[in-house]
Structures are given as structure tokens and as C-alpha cells.
J.: 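Quick one: this structure, given as C-alpha cells, is what I'll be asking you about.
Bear in mind that the values here come from a model prediction, so they are computed numbers and not experimental data. A note on names: the letters A, B, ... follow the listed sequences, proteins ahead of strands, and every chain is numbered from 1.
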2 protein chains.
Amino acid sequence: MSAHRIDFLLNYSETIKCLYYNNVLTSADISNYTGKSIPHATRVLNELIKEGYIEEKGFANSSGGRKPLNYSLIAGTHYILSVAMDQFSAQMVMVDMKNNFITETKRYEFNIHDLQPEMLLNCLNEFIDNSGITKSSIIGIGISMPGFVDTEKGVNYTYLNVFDQTLVEYIQQKISIPVFLANDSTAIALAEQKFGLAANLKNVMVLNLGWGIGLGMILNDKIFRGNNGLAGEFSHIPLFKNGKLCTCGKHGCLETEASLIAVTATAKEGIKKGQITSLAAYEDIDADLIISEAVKGDAFSVRLISEAAYHVGEGLAILIHLMNPAAIVLSGKGSIVGNLWMAPIQQAINEHCIPRLTKYTKFIISNLNIKAQLIGSAALVVENFGKNLEEKLTEIKECSLV
Amino acid sequence: MSAHRIDFLLNYSETIKCLYYNNVLTSADISNYTGKSIPHATRVLNELIKEGYIEEKGFANSSGGRKPLNYSLIAGTHYILSVAMDQFSAQMVMVDMKNNFITETKRYEFNIHDLQPEMLLNCLNEFIDNSGITKSSIIGIGISMPGFVDTEKGVNYTYLNVFDQTLVEYIQQKISIPVFLANDSTAIALAEQKFGLAANLKNVMVLNLGWGIGLGMILNDKIFRGNNGLAGEFSHIPLFKNGKLCTCGKHGCLETEASLIAVTATAKEGIKKGQITSLAAYEDIDADLIISEAVKGDAFSVRLISEAAYHVGEGLAILIHLMNPAAIVLSGKGSIVGNLWMAPIQQAINEHCIPRLTKYTKFIISNLNIKAQLIGSAALVVENFGKNLEEKLTEIKECSLV
DNA sequence: AATACTTTTTAAAAATTTAAAAAAGAAGTA
DNA sequence: TACTTCTTTTTTAAATTTTTAAAAAGTATT
């Protein structure tokens, strides 16, 4: 029954998409987004109203004439399960058709290196069962996580290897809901593009400030994934001749100087050498602590963060030369203290960038906070609304018949 | 009269484009390229045959059934004036609708720093007059040159500044033919994408090996220009802490270690210090000499080129991490000795790239030789066939009425 | 109340595709 | 060689989709 209802929606995927991203739109807006004429947009809207997916939402303003009608999706017709993973946890939340989080955000903890596909599957099942949402009204599951992810294939080459299937196939088969997989930074970039301060900009670089420094690129309005879905490995660009071994096996990656892992190592070293710092009072020193002490004003902590940020800025200078972006967005967990990063980054840009280029690039600190990745994972499902989702649905159907 | 004929063509621009790039195609091919149905493609073809722009060209092979008809543009209906500039010259050639060079390639020499727009205009007029081609059958002029070029605006921020107009407006107005402007490396990338070994690859980095190291990026099948047309400044990515001042005013650009300018400087220094090399026998040492001596086997020259190439490879390693391209093409003048560059570049890639990434990226030495830029300048006009060209034609018409 | 302007609806026109029939070629068989 | 069968391509005509253009409806200003 409900599967039929999703099939029905797929015919109107472009309209659904732009309404999901924009909450309320007029028929003229939708005509613009979909590239179809206004009578066409109106016809689609009426069809969707008749079937109960869209409702009228009062009038928008006009510059002096008849006021246009506003339309919006009805929130509770379908749901998306959004999953945002990092090294140590998976956060899950149920999202409705208006991009509202309609359940508590549940957090499952683990170490991603030890995580087995089956464990993730159990978490997903448990979360769905407890959510009170019927499985058949869930359009899809969007999962984002660190590692080398090929979204098209549905594989994470770094973590969660399944023996003879892709990770997406595995979950999809067991749970009978379409699954989409993306890199965490890609998801964050998607969130920023659709719901953040960088919305409507055509070429944007979104930095995911966390343990590493992830990058999601929006080029010509679309997430850029490269030829094999592996683009954006900003963290591992070979930038330094420091001889430091990186987790990736190479030497001198940006990450070896600019990540919070590197910062923590430097901090510990400094304390051992007798550096005067409020950090010395703590037994266990981690990145969160350094950040919070920096915010409180500890000079050593500030210097450490600043140095890392300066190195990030050096990397960004390269990125600006190559991509000439409209904006660079600082997002991800680290962006909560975005101001701490900003000045040193600017400093590095000023030193290393051709002025003609920098003057076109805005720097933006995200306002999506820690929600970015969850918003992005849900948006991942919406992005694939249409043909991709349809394919997955038939895959699932075929599987259940066998 | 002929203007009407170009107007007519513009209605069928997508068909014209793919035939220009592919010489002969079947109606099924054209249906694929244009995204329209086969009956639609056939209708367009017949219309164009009726008007004398396209002809049938025998049969293509079939896997066992009726053989499909081949179609091709008729070469001599219209022409494109292709202009390829570098620091010291402008080469011009007339190109027909089948991408044949139908005149001698004429070379005008100057120093681009001193070049005035009027001088370029005179060269263009002279070349057209001597070509024997009537102005009205020239679809457009494609000009590519070094510098910061914004193709959309039609400006070169570095050279050939016109007081109160854009360079494109200026030439177009004086000569009454649509003009398109692009960066030299962009043109070369376009040539490689359409006629080179990288044809049909979706994500390709094209290196323009010359005095500097230019870069043209093909992303998702399209030339990528960034937010302001300034993307691809590979030559000036800040990569070294060598303190060397670059022509751009910054320090440590890739260019300061990897360009032929840098190589020449190092060579002179070496000779002064008594380095044993066949270069020492020459009074005037320039890049061409070093290359030719390297080809002949002079160890010092080989080492110099190798070092430069290795540094280019370091830059490419960064590019691969960021863009995950399907291929990197060595093109431009320097590609004639492409093998000289290849080994050290590979070496650098092996040292600085994550294997997972490199295994997907092919290295290709261009087979377009010195013709790449001219092919690309002509292709620039073809690329803009359709709406852009139409706009320029009306601009010109309006101008001539005033 | 008149008018100026914007949005929505309607109906006719145009564009495009679908699906089926016809045409043409290749391969196998008697 | 003649004939059959299987393919693939081309043509045709009907069906569908989409747009255009004009009329109608609604809002604000004077």
C-alpha cells in the first residue's frame, strides 16, 4: 500500500525535493526550481494536494498585485531515518518531510574500528522499533560516516566491510528500506548547501572541523565526488616536509600538523617540557579540553589551536587557487568555536593567496552547529529521491520475492 | 543573408555541436548526445540536410541488422577564426565545420606586456582579409591567452586592458563577429576533452606545460571555471617554504620551483658555478635549449627538468587528493617531450599519494602536440554555439543600428 | 471606483515521445 | 542459390507532455 504511495511521489520528485529544502514555495518558485512552466508546476501541485502530500500555506507577498499562494509539504506523510556516525558513535534521529527532527536524537557508542555491520543493523532496527514510526512510511535511511566512501557503489572502503556484499546492499536487504551512504564531510556539505548560510551559492568549500579536517565541495550547485567518489581528501594533501607519519601511511599530510589529534600530541609534549598552561592541571588531555581551555583564555591552548588553524589556512590557500570558490564554510563539531579558527586562517590566506582571488571568497562560520551531519544524512535521502530511490525500491522488491 | 543562416543553425545547436566534435555520427548517436528521441534527432537531421548543412556519409556497422546511416557536417558552410596567444605571439588559423585547419597558421609576434588591443585588432582584420573567407561566413572568433581571464565577462585582468569596455566588447564592436575569450590552459583542456586522448572522460586534469604550469579542469564533463572564472591557478599554489619571490608577488609558489623560468635560472646559476654540462657551450640559455640538450642526454639538463617535473608531481599529488580525477593529461608545448616529465612525476605521486587514489588516475601524454591551443580556441566558439552566440549576435546587431 | 499590476486558470498550439509497422541486412538452412 | 529467421534501423502515426498566450481573478494604489 504505502510502497505504492512512494512510487506515486517519485513522479513528482523534483517538486518534492525543492519543497523539502525550502519549506514553503509559490508555484512560480517551483517552476523556477524544476525548470518547467507555471501551468505545469500548478498541475503537479494540485495532483499532490489531491493525494494529501502538499497543503496550501496562506499567501506570500507580492510587489503590488494578486498575492501568490504558498505551498508546503505535509510533514507527517513520510519519514527519513538519519544516521550520523563518527569514530566513536552513531547518532540517529527520525526526520519528517519538513526537515524537523521528530524524535529524540539517540546515540549509540562504539569504536568504529571494531564495529561490525551486524551491530549497526541491530542499532538501526532497535531505533526504528522504538521510534513508533511504521517501517512502511520510512522513505529511506541516510547514513554518513568517516572513511573512503563510494556513495554510488554504497561501500565504505575503510570501515564496516561486509564479506560478499556492499554495506548498503547488506543493510537494505535485512531491513527492506532504501539505504544511502555518504562520507561524513559530504553530508555536512550537503546540509550547508541546502539549509546553511551557504545555501544558493554555486561553488562552496565546506570544512568539517573535527578530529581530522574533512572537506565537502559544492561545484556548480552539486556535491562533487570525483571519478570514484573519493574526492575531497583535504586532510591528506601532502603539504609539509616535517617527516611526521600520518595515519594514512604517508608523511607530511596536512593532518599531521593541523588536526586536533596533532594538536593534542603537541600539547602533551609541551606539558612534559614544563610549559606553563592550565592544561597541566588535568590528567587526561584531549582535544575538547584544549578547546575549552583556549576559550577560557589559556595562552598555550590558544597558541596550539592557532597554529593548527594557520596550517588549515595554508591548505585553504591552495584550495582557493585551484577552485576559486564563492565561500568557505567552517562547519562540523569544531565550528562551535569557529571564531577561534578564523583569525589564523585569515592570516594564512593573506600571506599565501593572490589578492585577486581572495577578494571573491567569503569565510562563513556555520550556524547549523552539531546538527549539520544529521541534517545532511537526511538530505542525502532526499537528494536521491527520484530515479535512484526507485531503483532501490525495485531491488528490495526483487529480493523479497526470491 | 548569412546572419539569417547562422540564426537558423542556432535552433539545432546541440546537433551541430556533437557533429563538430565527432565528425560522423548516426541518428542514434545524436539522440544519445542531445538527450532527445530518435525520431526527433532524425527530424532535425533531415531539416539540416535540406538546408545544406549536413550530408549523409555512407553506413556505419551494425551488430547484425540494418546498417545505420552516418551523418556529418558539410565542412565549408561556415568558419571559425581560432587565435592562440602566448607571451610572445598570436597564432591564427581558420577552421571549418569539421575541425580542419583550412589556412596556413599565421604567427604574429610581440611581447604581450606591450600589446595594445588595437594591435591585436589589426592582426585579426589583416588575417581575415588575407584568408579569402567572407566575414559573414565566420561564425565566431575564439581567442585564448595567458592571464587571469573571466570568460563570462570577456575580460583579461592581466593583459590587454581596454579603458571603458571589456576586451571582447571592443573587438566584437570593431569587427562585427562574435568573440569568445578564454585562458590558454582552458582552451587546451577543451581541446583535450573534445579531440584528445581524454575525450569522453568525466573528470580530467589537463596540464599546460609551458613557461608556467597551467591547469584546465574538466569536472562532470564540463570545463570548470570556479566562481569568477579564475579557477585552476595551479602555478601559484603555495607549496614551498623556499622564500623565492614569484612573479605574482607571493613567495613559494609551485612556479618558483617547477616552471621552465625557474629551471632556466637554476641552469645559469649552475653553469656559473662550473657545473659540467653541454649547456656551458652556449651563450644564451633558455628553456628550449635545456629541453633539447636534455633530450640529447646532457645529464645536468636532464636533472634540471627532472627536478622541475618532480615538483609538478608534488602539486599533482595534492590535486589528486582533492579531485580524484580519472586522468591527468600532459599537454601544451612542453608535452612534446612528455616522456621527460613522466618518470619524475610518477615518482612524486608514488611518494605523496594514497595508493587507493592513484590507482584510479591514468597519466596521459597528449597527442595533439602544438595544435592543442588552436583546436581549443576554435572549440570555444563551438561550445558557445546556441544561446551565448545568439546573444552576441543581437549585441552586434544593436550596436550597428545605433 | 478606476487603474495598474500580479497571479491563476484555461484552452489551444507546439513539441516530443511512444509504440508499432516497415525496411534493410546478416546468418543459417535446405 | 533461395528461403527463412532473427536483428537492427528507419519511418509513421497516434498519444502524450509541455508550453504559449490570452482571459480571468485578485490585490493595492490613487
J.: Show, in sequence, the C-alpha distance, side-chain angles and deciding distance for B:Tyr20 and B:Glu383, and conclude whether the side chain to side chain donor-acceptor pair (under 3.5 Å) test is met.
T.: CA-CA 10 Å; B:Tyr20 180 87; B:Glu383 268 301 277; over 6 Å; no
J.: Is the closest side-chain heavy-atom distance between A:Asn220 and B:Asn220 below 4.5 Å?
T.: no
J.: If you define the side chain from C-beta out and look only at heavy atoms, does anything of A:Ile223 sit under 4.5 Å from A:Ile218?
T.: yes
J.: For A:Phe59 and C:dT6, give me the distance from atom CZ to atom P, rounded to whole Å.
T.: 18 Å
J.: What is the distance from CD of B:Glu47 to P of C:dA15, rounded to the nearest Å?
T.: 11 Å
J.: Where the side chain of B:Lys67 is concerned, which of C:dA26, D:dA25, C:dA22 is the nearest nucleotide?
T.: C:dA26
J.: Which ones in residues 18-30 of chain B lie close to DNA chain D, meaning a heavy atom under 4.0 Å from one of its atoms?
T.: B:Ser27
J.: Quickly work out the B:Asn46 CG to D:dT12 C1' distance and round it to whole Å.
T.: 13 Å
J.: Pick from A:Ile138, A:Val382, A:Ile141, A:Asn99: which one makes a side-chain contact (heavy atoms from CB on, under 4.5 Å) with A:Ile80?
T.: A:Val382
J.: Do B:Met323 and B:Asn203 touch side chain to side chain, with heavy atoms closer than 4.5 Å?
T.: no
J.: Tell me: CD of B:Glu14 to P of C:dT16, nearest whole Å?
T.: 12 Å
J.: Calculate the interatomic distance between B:Arg66 atom CZ and D:dT10 atom P; express it in whole Å.
T.: 6 Å
J.: Under a 4.0 Å heavy-atom cut-off, which of residues 33-45 of chain B touch DNA chain D?
T.: B:Pro39, B:Thr42
J.: Distance under 6.0 Å and angle within 45° of the ring axis: does A:Lys194 meet both against A:Tyr21?
T.: yes
J.: Look at the aromatic rings of B:Tyr53 and B:His78 and report parallel, tilted or perpendicular, splitting at 30° and 60°.
T.: parallel
J.: Can you see which heavy atom on B:Gly142 is nearest to which on B:Leu380, and at what distance?
T.: CA-CD2, 4.4 Å
